[in-house]
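Take a look at the structure set out below.
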Amino acid sequence: MNFVEELRWRGMLHDIMPNTEEKLNEGMTSGYIGFDPTADSLHVGHLTQIMTLIHFQRAGHKPFALVGGATGMVGDPSGKSDERNLQTPEMIEHNLQGMKKQLAKFLKFEDAGNGAVMVNNADWFKDMNLFTFIRDVGKHITVNYMMAKDSVKRRLEGDSGLSFTEFCYQLIQGYDFYYLWKNNNCLVQMGGSDQWGNIVTGTELIRRKDQGTAYAITTQLIKKADGTKFGKTESGAIWLDPEKTSPYKYYQFWLNASDDDVKKWIRIFTLKTQSEIETLEVEHDAAPHLRILQKALAQEITIKTHSEEALETAIKTSEFLFGNGALEFLKTLDSKSVLEMFEGVPQFKISKAELADGIDIATLLAEKTTVFPSKGEVKKTIQGGGLSVNKTKVAEILASYSTQDLINDEFIIVQKGKKNYFLLIAE
């Protein structure tokens, strides 16, 4: 498998330094991508780089995942309009542990052959003092060279300016590359296209300091067809940690991809072959309403990030909310999972003590809660066959509900029409 060609047909390749592809085709080569520990979980914005390392390893090369225990204390100005908040060493260590656990799901970490290796740049920066750094690193790269970088230019032209801390970032990342080149024979650095300037600083440092040769590859930055930011929703970032983003919400993020986006994303975020994808595209175009591409993408990436069991739960949750899923499925979930499932759905607290004696449906939905503006509206909806409680259509205007109707002794699910849900929580 030709790594560069794999990135090329998948639409991932952006920039590549001359002779990089030829060098990779000579045999197993070590290369790395850096991840800053700004949170204790990676998010879908990191997936392009994770997939790049997966393809690198599948092509027979040796991937290094660098977690920035040192650089995380500074912050990369690339692609940022303001300086990031600096983190404490304790926060960074906590974040590193979470990232390591997640990366292990995607890469094969083993000692032999082309097993992936995780390194932390704090290991080589922790004992380096300022004078050593400016003598051994700073003297090789001119200020003119650093000022010419687009990421630096944009910040200098902006209102917020650029601190000396962030200005030094490209030197620090450049030294990472030099260190890994010198000590681990890492010949290639990869990253998003916004990292090109930092990566090239590393190749330049290697050339000027040791007259060595190193290589660079960057990938396309992912953008959504509608112009909104990839990986962001109204409720925030889509995390790889199931505690931050439930597998159901993660699955739904991919399932809701537009037809324009999914044709790009299925190439980038799955390991399906070109012929497999082209076959799926033909099937999808013949019946777009079946969302064949979206389902194929959502299923594969959910399994890869979480598990087959998590995918099954996500699908059953979708069926419950949007199809004819059984109530029994809801009874298998804990309270936290139910609340996550109904996140964004109008929720009402009701008294379990009052519910014990039974409350008629009109009072429950128009007085004890405000699901309906009036009892008359409740009755009208029941007569039209448009009201369901706990997945069962309400047929009687005088129907009454009590604690015996609570799901998991806590919830009542109200459905107005097919898609309008309300969650009643008994306390």
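Residues: numbered from 1 along the sequence shown. In this text the structure is predicted, and so the values were computed from the model without any measurement.
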Please report the shortest heavy-atom distance between Pro63 and Asn114, naming the atom on each side. CD-O, 3.5 Å

Tell me whether the guanidinium CZ or amine NZ of Lys416 lies under 6.0 angstrom from the six-membered ring centre of Phe372 and within 45° of its axis. yes

Treating Asp261 as the side-chain partner and Ala257 as the backbone partner, does any N or O pair qualify as donor plus acceptor under 3.5 Å? no

Indicate the atoms forming the closest heavy-atom contact of Ser41 with Leu240, along with that distance. OG-N, 3.6 Å

Exam field: side chain Ser388 to backbone Lys391, donor-acceptor pair closer than 3.5 Å: no

Look at Lys304 together with Glu300 and state whether they make a salt bridge at an N to O cut-off of under 4.0 Å. no

Identify the two heavy atoms, one from Ala298 and one from Leu255, that lie closest to each other, and give their separation to 0.1 Å. CB-N, 3.9 Å

For Glu410, does its backbone N or O pair with a side-chain atom of Asn408 as donor and acceptor, under 3.5 Å? no

What I want to check is whether the side chains of Asp260 and Ser258 have a donor and an acceptor closer together than 3.5 Å. no

Closest heavy-atom contact between Gly11 and Gln220? O-CG, 3.5 Å

Go through the structure and list residues passing salt bridge (Lys or Arg N to Asp or Glu O under 4.0 Å) with Lys349, not counting sequence neighbours. Glu427

Between Thr332 and Phe329 (side chain of the first, backbone of the second, donor and acceptor by atom type, cut-off under 3.5 Å), is there such a pair? yes

Please enumerate all residues that pass side-chain hydrogen bond (donor to acceptor under 3.5 Å, both in side chains) together with Arg8, with sequence neighbours excluded. Glu5, Glu21

Are the side chains of Thr305 and Tyr251 in touch, meaning some heavy atoms are under 4.5 Å apart? no

Listed by chain and number, what are the side-chain hydrogen bond (donor to acceptor under 3.5 Å, both in side chains) partners of Asp334, not counting sequence neighbours? Ser337

Does some side-chain heavy atom of Trp124 sit less than 4.5 Å from a side-chain heavy atom of Leu180? yes

Reported NZ-to-CG distance for the pair Lys379 and Leu365, which is rounded to 0.5 angstrom: 12.5 Å

Those residues at least two apart in sequence (or on a different chain) that pass side chain to side chain contact (heavy atoms under 4.5 Å, CB included) with Leu321 are Tyr248, Thr317, Met341, Phe342, Tyr421

Output yes when Asp241 and Lys101 qualify as a salt bridge under the 4.0 Å nitrogen-oxygen rule, no when they do not. no

If I take atom OH from residue Tyr178 and atom CG from residue Leu171, how far apart are they, to the nearest 0.5 angstrom? 14.5 Å

Looking at CG of Leu47 and CD1 of Ile50, how far apart are the two atoms once the value is rounded to the nearest 0.5 Å? 5.0 Å

With Thr201, which residues qualify under side-chain hydrogen bond (donor to acceptor under 3.5 Å, both in side chains), at least two apart? Gln170

Pair Glu340 + Lys249: basic N to acidic O under 4.0 Å: no

Look at the side chain of His61 and the backbone N and O of Phe56, then say whether any donor-acceptor pair between them is shorter than 3.5 Å. no

For Gln173 and Gln195, which I'm curious about, is there any donor-acceptor pair between the side chains at under 3.5 Å? yes

Please tell me if the side chains of Asp176 and Phe125 come closer than 4.5 Å, counting only heavy atoms from C-beta onward. yes

I'd like to know if the side chain of Lys62 reaches the main chain of Gly115, judged simply by a donor and an acceptor atom lying under 3.5 Å from each other, with no hydrogens or angles considered. yes

Any donor-acceptor pair under 3.5 Å linking the side chain of Thr363 with the backbone of Ile359? no

Taking NZ, NE, NH1 and NH2 as the nitrogens, is one of them in Glu367 or Lys375 under 4.0 Å from a carboxylate oxygen of the other? yes

Expected output: side-chain Asn95 to main-chain Asp40 donor-acceptor under 3.5 Å: yes

Which distance, rounded to the nearest 0.5 Å, do you find between the CD1 of Ile238 and the OH of Tyr250? 9.0 Å

Taking ring pair (Phe, Tyr, Trp, His ring centres under 6.0 Å) as the cut-off, I'd like each qualifying pair that reaches into residues 31-55, sequence neighbours left out, listed once. Tyr32-Phe177, His43-His46, His43-Trp239

Less than 4.0 angstrom from a charged side-chain N to a carboxylate O is my criterion; do Glu319 and Lys316 meet it? no

Derivation of the side chain to side chain donor-acceptor pair (under 3.5 Å) call for Thr392 and Asn390: CA-CA 6 Å; Thr392 301; Asn390 292 345; over 6 Å; no

Please work out which of the three classes, parallel, tilted or perpendicular, describes the rings of Phe269 and Trp265, given edges at 30° and 60°. perpendicular

Nearest 0.5 Å, please: how far is OG1 in Thr48 from CD1 in Ile268? 6.0 Å

So, does Thr20 use its side chain to make a donor-acceptor pair with the main chain of Met17 at under 3.5 Å? yes

Do Glu243 and Lys336 touch side chain to side chain, with heavy atoms closer than 4.5 Å? yes

Between the main-chain N or O of Thr218 and the side-chain N or O of Ser193, is there a donor-acceptor pair closer than 3.5 Å? no

Lys/Arg-Asp/Glu bridge criterion (N-O < 4.0 Å) met for Lys368, Asp360: no

Charged N to carboxylate O under 4.0 angstrom, Glu281 versus Arg267? yes

